[in-house]
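Below: one structure, written as structure tokens.
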Amino acid sequence: RCLAGAITRPSNLDAMRNAYQEQLQRLNTILGDMCELAGSAMSRATQALLQADLALAESVIADHDRMNELATQAEEQAFAVLALQAPVAGDLRGVVSAFQIVGDVDRMGALALHVAKIARRRHPATALPEEVRGYFAEMGRLAIALAHNAREVLNSLDHEAAALLEEDDDAMDDLHRHLFTVLMDRDWDHGVAAAVDVTDPEPLPDGHPLWQLPNCLITPHCANTPEMAVPVLTKRVVDNVGRFARGEPLLGLIDVDAGY
């Protein structure tokens, strides 16, 4: 009986390990699909912005629900791995990192959605002055490359390729900073949009003149849009899972007596 147990136990462990690897692969596949969708959305949104292409803008807006679905699937898969497999050390860090990846890629999709909505709102006019079209074209190119390369890294698990993502990210930051210097320069004669957070009526109805005002940016007057809340909540979950694994105090504990 002991011999039989010794013979069958490794087989069972192998089966469990294989099932675990399949779950991780499934998680990576979903994350890769998110990267592909984000890159496609950013490509179409950039072209819509540069060319005032209403059809491309509408396609980005219509496809955004798919990004939300994939983000939910990825988070559920990551939670399932944590709950059912109880990974440790490097495996735990890999699963916890998935939550951060979901938040990052989801923000890229949300940015593409925002760009597409701007292109649609300003159609048939273009939203960009000629002086900054080149900056936005290059920023779009970098964003698309980042999404594509991130998917390649998820497929290959190449650490060196992952490190190279930082270079494109730094280039994007440099462009972003330079664009602000252009907008704030005294020679910039296109104005800087005013941001309006509270309107009457609220929410602002479709067709209201403020939507078409060239120098006016309408922002949602609410505390927790999905685009804002999900990354914050994701970071808190990632931090607390890591703290729990290390035996450290958790962040954001609720004080039952105080009521918050």
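In this text the structure is predicted, and so the values were computed from the model without any measurement.
Note on L111: it does not cluster hydrophobically with L56, by side-chain heavy-atom contacts below 4.5 Å among ILVMFWY residues. Under the 4.5 Å side-chain heavy-atom criterion for Ile, Leu, Val, Met, Phe, Trp and Tyr, L24 and V241 are members of the same hydrophobic cluster. Residues F79 and L233 share a hydrophobic cluster, clusters being chains of Ile/Leu/Val/Met/Phe/Trp/Tyr side chains in contact below 4.5 Å. In the hydrophobic clustering of ILVMFWY residues, with side-chain heavy atoms under 4.5 Å counting as a link, V115 and L128 come out together.
Residues G140 and M42 share a closest heavy-atom pair of O-CG, 4.3 Å. Here the shortest heavy-atom pairing between R66 and Q73 reads NH1-NE2, 3.8 Å. Contact between V60 and A112 at its shortest, heavy atoms only, is CG1-O, 3.7 Å. Nearest heavy atom pair, residue F99 against residue V238, reads CB-CG2, 3.2 Å. The minimum heavy-atom distance between A116 and I61, with the atom names listed, is CB-CG1, 4.0 Å. Nearest heavy-atom pair, A52 versus A125, reported as atom, atom and distance to 0.1 Å: CB-O, 3.8 Å.
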Apply side-chain contact (heavy atoms from CB on, under 4.5 Å) to R120 and H123, showing your working.
CA-CA 5 Å; R120 181 177 68 175; H123 184 269; 5.6 Å; no

Could you give me the CA-CA distance, side-chain angles and deciding distance for D33 and R151, then say whether side-chain contact (heavy atoms from CB on, under 4.5 Å) is met?
CA-CA 8 Å; D33 290 345; R151 179 172 189 179; 3.6 Å; yes

Apply salt bridge (Lys or Arg N to Asp or Glu O under 4.0 Å) to D104 and R107, showing your working.
CA-CA 5 Å; D104 289 342; R107 282 197 298 275; 2.3 Å; yes

Working note: H178 + V182, criterion side-chain contact (heavy atoms from CB on, under 4.5 Å); need CA distance, chi angles, decisive distance, verdict.
CA-CA 6 Å; H178 187 68; V182 172; 4.0 Å; yes

Might you work through the side-chain contact (heavy atoms from CB on, under 4.5 Å) test for V105 and L31, ending with a clear yes or no?
CA-CA 8 Å; V105 181; L31 294 174; over 6 Å; no

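By the 4.5 Å heavy-atom criterion applied to side chains, M67 and L113 are not counted as neighbours. Residues M172 and R177 are not in side-chain contact: their nearest non-hydrogen atoms beyond the backbone lie 4.5 Å or more apart. L50 is not listed as a side-chain neighbour of T126, based on a closest heavy-atom distance of 4.5 Å or more. Side-chain contact between R141 and I144 is absent, with no heavy-atom pair separated by less than 4.5 Å. Annotation: side chain of M139 is in contact with side chain of L179 (closest heavy-atom distance under 4.5 Å).
Within the model, atoms CG of L165 and CD of E152 stand 10.5 Å from one another, a figure rounded to the nearest 0.5 Å. Within the model, atoms OH of Y135 and CG of L175 stand 8.5 Å from one another, a figure rounded to the nearest 0.5 Å. Taking CG from D170 and CG from L142, the interatomic distance works out to 11.0 Å, rounded to the nearest 0.5 Å. Here the CG atom belonging to L37 is positioned 11.5 Å from the CE atom belonging to M108, to the nearest 0.5 angstrom.
Under a 3.5 Å cut-off, the side chain of N240 and the backbone N or O of L251 do form a donor-acceptor pair. In this structure a side-chain-to-backbone donor-acceptor pair under 3.5 Å is present from Q77 to Q23. Looking only at distances, no side-chain donor or acceptor of R243 sits under 3.5 Å from a matching main-chain atom of E248. A donor-acceptor pair is defined here as one N or O able to donate and one able to accept, closer than 3.5 Å; no such pair exists between the side chain of D106 and the backbone of V102.
A side-chain contact (heavy atoms from CB on, under 4.5 Å) with M34 is found for exactly one of L154, L70, I101, T29, namely L70.
Listed by first and then second residue, the side chain to side chain donor-acceptor pair (under 3.5 Å) pairs involving residues 41-52 are S40-R44, R44-S59, R44-D63, Q47-Q51 (not counting sequence neighbours).
Annotation: H208, atom NE2; neighbour count of heavy atoms from other residues, nucleotides and ligands within 6.0 Å is above 12.
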